[in-house]
Amino acid sequence: MAQSVLSRRAQDVVDTGSENPMWDVMKDTWDISENPNGYVNVGVAENTLMHPELLKFINKKLELPAKYLTYNDGGCGSSRLKAAVAAFLNHNLKPVTPLEPSHIMATNGVSSAIEHVVWSFADPGEGILLGRPYYGTFIPDISLRSGSLVVPVSFGDHNPLSLEGVDKYEEALLEFHRKTGKKVKALMLAHPHNPLGRCYSREVLIKLMRLCQKYQVHLISDEIYALSTFENTVDKYPPPVKFESALSIDLTGIIDPRLVHVLWGMSKDFGANGIRLGIIISQANRDVHMALTGPALYSYASGITDHLTSLILEDFDFTNQYIQQNQKLLSESYAYTANYLKDHGIEYATGCNAAFFVWMNLGKKYRELHPENGCEDVGEQVMQRLLQRRVFLASGFLFGSEKDGWFRMVFTQGHEYLSVALERIIAALEE
């Protein structure tokens, strides 16, 4: 084997790059007329349900002024964009302390925002708490370039979003320090949760904040699905918890406000992953904004993105109608998917009311259908069968699932697309 000419960190990425087939799948996506033999992709978190409405608005409104062909106001987002984001989130998230443009930094997506805040808070080798199961891309976002370490938190039989679950974070923090001698510097939340599709209650958020205060740990609340909530008309146990932003909690007597940070972006609530616009909100920590002035050069949102996002968020009549209609379609698509799984005897995590996901146990169904197959790594076997059937789901293995055989399915596609995906999933299990 020839000696690598890459850095060690680059070679590590090359060596592990084959674990996730997502990028190959995205280059060969199914289309009923153009590519009928392509992959039906229900593994990537994209919401196409409102694309016609958003495109209609964009194609009618977009006229680019010349200043957006320049560097404009710099790498952290234009003054206009920050004002638009502040007004929009004040209207929708109801923060205790109203957002001001100075509280906000723009990035080219929330992955960049995550990497920036981790870089700001943790040195190489220091820990970031992350509850299982987790959004798989949190791992490289947190650790790939910063050198910080993900500290996975296991919950066993406890609900990961419960008050009892908070105690597991503390146990993981203490164990990490005992083993490594290093500090945990931040706790990362997906709120609403990815992949479980549920929200943390206000009581749990407060208990997490108190834990962070106790150990002087930053709380990072990734609220990229904040407005993608919906009515669950199918399964209401455990009872769905209404979404409340970390910004809506009065931090007095709970936590130093300098330790609380919220992330948001256009990718999910507006079904626009391609716009590439993320937001870091840090209301009480000016040092974060100062520290990121330099690295912002590497996450500069384009002028077109800056202008387009401002146009959308400034129009409250459009955004109010958009969010309402999107939530209606989310409810319908979730019901369609959940009922299909019920009809085919597939276990899934119930009580969802947010985000785009069904977390389901395909391994259990596969074992029922093939009792003669005593394989231990059932998740990998199911994954290979799914890929052979040209359907892609997110593997629970890459999402830190504590149990084998679980997968994340994205339901935010039209019913025609979903029906093909579900039929292929069942065929992969049965063959």
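Since the structure is predicted, the reported quantities are computational estimates derived from the model, not experimental observations. Note that these values count all heavy atoms, side chains included, but never hydrogens, waters or copies made by symmetry.
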Checklist entry - For the residue pair F270 and F88, does the interplanar ring angle fall in the parallel (under 30°), tilted (30 to 60°) or perpendicular (over 60°) class? => result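 Rings of F270 and F88: tilted, 30 to 60°.
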Checklist entry - What orientation do Y135 and F138 show, parallel under 30°, tilted 30 to 60°, or perpendicular over 60°? => result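 Perpendicular.
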Item to check | Full working for side-chain hydrogen bond (donor to acceptor under 3.5 Å, both in side chains) between D222 and N194 | outcome: CA-CA 10 Å; D222 178 353; N194 177 0; over 6 Å; no
Under a 3.5 Å threshold, yes or no: a donor from one side chain and an acceptor from the other, between [X] and [Y]?
| X | Y | result |
| --- | --- | --- |
| N92 | D269 | no |
| E164 | S162 | yes |
| T305 | S302 | yes |
| T97 | Q283 | no |
| E380 | Q384 | yes |
| D306 | Y300 | no |
| R276 | S112 | no |
| N108 | S299 | no |

With a 4.5 Å cut-off on side-chain heavy atoms, are [Y] and [X] touching?
| X | Y | value |
| --- | --- | --- |
| S267 | I224 | yes |
| S228 | N326 | yes |
| V151 | L173 | no |

Is it the case that over 12 heavy atoms from other parts of the model lie below 6.0 angstrom from the [atom1] atom of [X]?
| X | atom1 | value |
| --- | --- | --- |
| K403 | NZ | no |
| K242 | NZ | no |
| F316 | CZ | yes |
| R145 | CZ | no |
| Q321 | CD | no |
| Q324 | CD | no |
| R258 | CZ | no |

Checklist entry - Among L259, D256, I254, which residue meets the side-chain contact (heavy atoms from CB on, under 4.5 Å) test with M209? => result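 Single side-chain contact (heavy atoms from CB on, under 4.5 Å) partner of M209 among L259, D256, I254: I254.
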Next on the checklist: Consider side-chain contact (heavy atoms from CB on, under 4.5 Å). Of V241, I206, V166, L205, which one does Y200 pass it with?
Outcome noted: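 So the option named by the test is L205.
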Checklist entry - Stepwise, does the side-chain contact (heavy atoms from CB on, under 4.5 Å) test hold for F121 with V288? => result CA-CA 9 Å; F121 303 148; V288 172; 3.7 Å; yes
Distance from [X] atom [atom1] to [Y] atom [atom2], nearest 0.5 Å?
| X | Y | atom1 | atom2 | value |
| --- | --- | --- | --- | --- |
| L308 | I58 | CG | CD1 | 4.5 Å |
| L187 | L129 | CG | CG | 5.0 Å |
| R408 | F356 | CZ | CZ | 9.5 Å |
| M188 | I114 | CE | CD1 | 4.5 Å |
| Y366 | N361 | OH | CG | 14.0 Å |
| I281 | M105 | CD1 | CE | 13.0 Å |

Checklist entry - Hey, mind stepping through F230 and L329 against side-chain contact (heavy atoms from CB on, under 4.5 Å) and telling me if it holds? => result CA-CA 8 Å; F230 56 89; L329 294 179; over 6 Å; no
Checklist entry - Can you list the steps and then say if W30 with R424 is a side-chain contact (heavy atoms from CB on, under 4.5 Å)? => result CA-CA 12 Å; W30 174 86; R424 291 188 182 186; 3.5 Å; yes
Next on the checklist: Evaluate F155 against Y169 for ring pair (Phe, Tyr, Trp, His ring centres under 6.0 Å), listing each step before the verdict.
Outcome noted: CA-CA 9 Å; F155 300 96; Y169 282 96; 5.7 Å; yes
Checklist entry - Do R390 and D28 sit within salt-bridge range, that is, some charged N less than 4.0 Å from a carboxylate O? => result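 Looking at R390 and D28, the cut-off is met.
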Checklist entry - Are the charged groups of K207 and E203 less than 4.0 angstrom apart, N to O? => result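 Between E203 and K207 there is no salt bridge, as every charged N stays at least 4.0 Å from the carboxylate O atoms.
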Checklist entry - Would a line drawn from the ring center of F57 to the ring center of F318 be shorter than 6.0 Å? => result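 They qualify: ring centres under 6.0 Å apart.
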Checklist entry - Hey, do the aromatic rings of F357 and H193 have their centres closer than 6.0 Å? => result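 Here the rings of H193 and F357 have centres that are no less than 6.0 Å from each other.
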Next on the checklist: The test is side-chain contact (heavy atoms from CB on, under 4.5 Å); show your working for H191 and F243 and say whether it passes.
Outcome noted: CA-CA 8 Å; H191 172 50; F243 174 79; 3.3 Å; yes
Checklist entry - When you look at E223 and S221, which way does the side-chain hydrogen bond (donor to acceptor under 3.5 Å, both in side chains) test go after all the steps? => result CA-CA 6 Å; E223 301 185 3; S221 183; 2.8 Å; yes
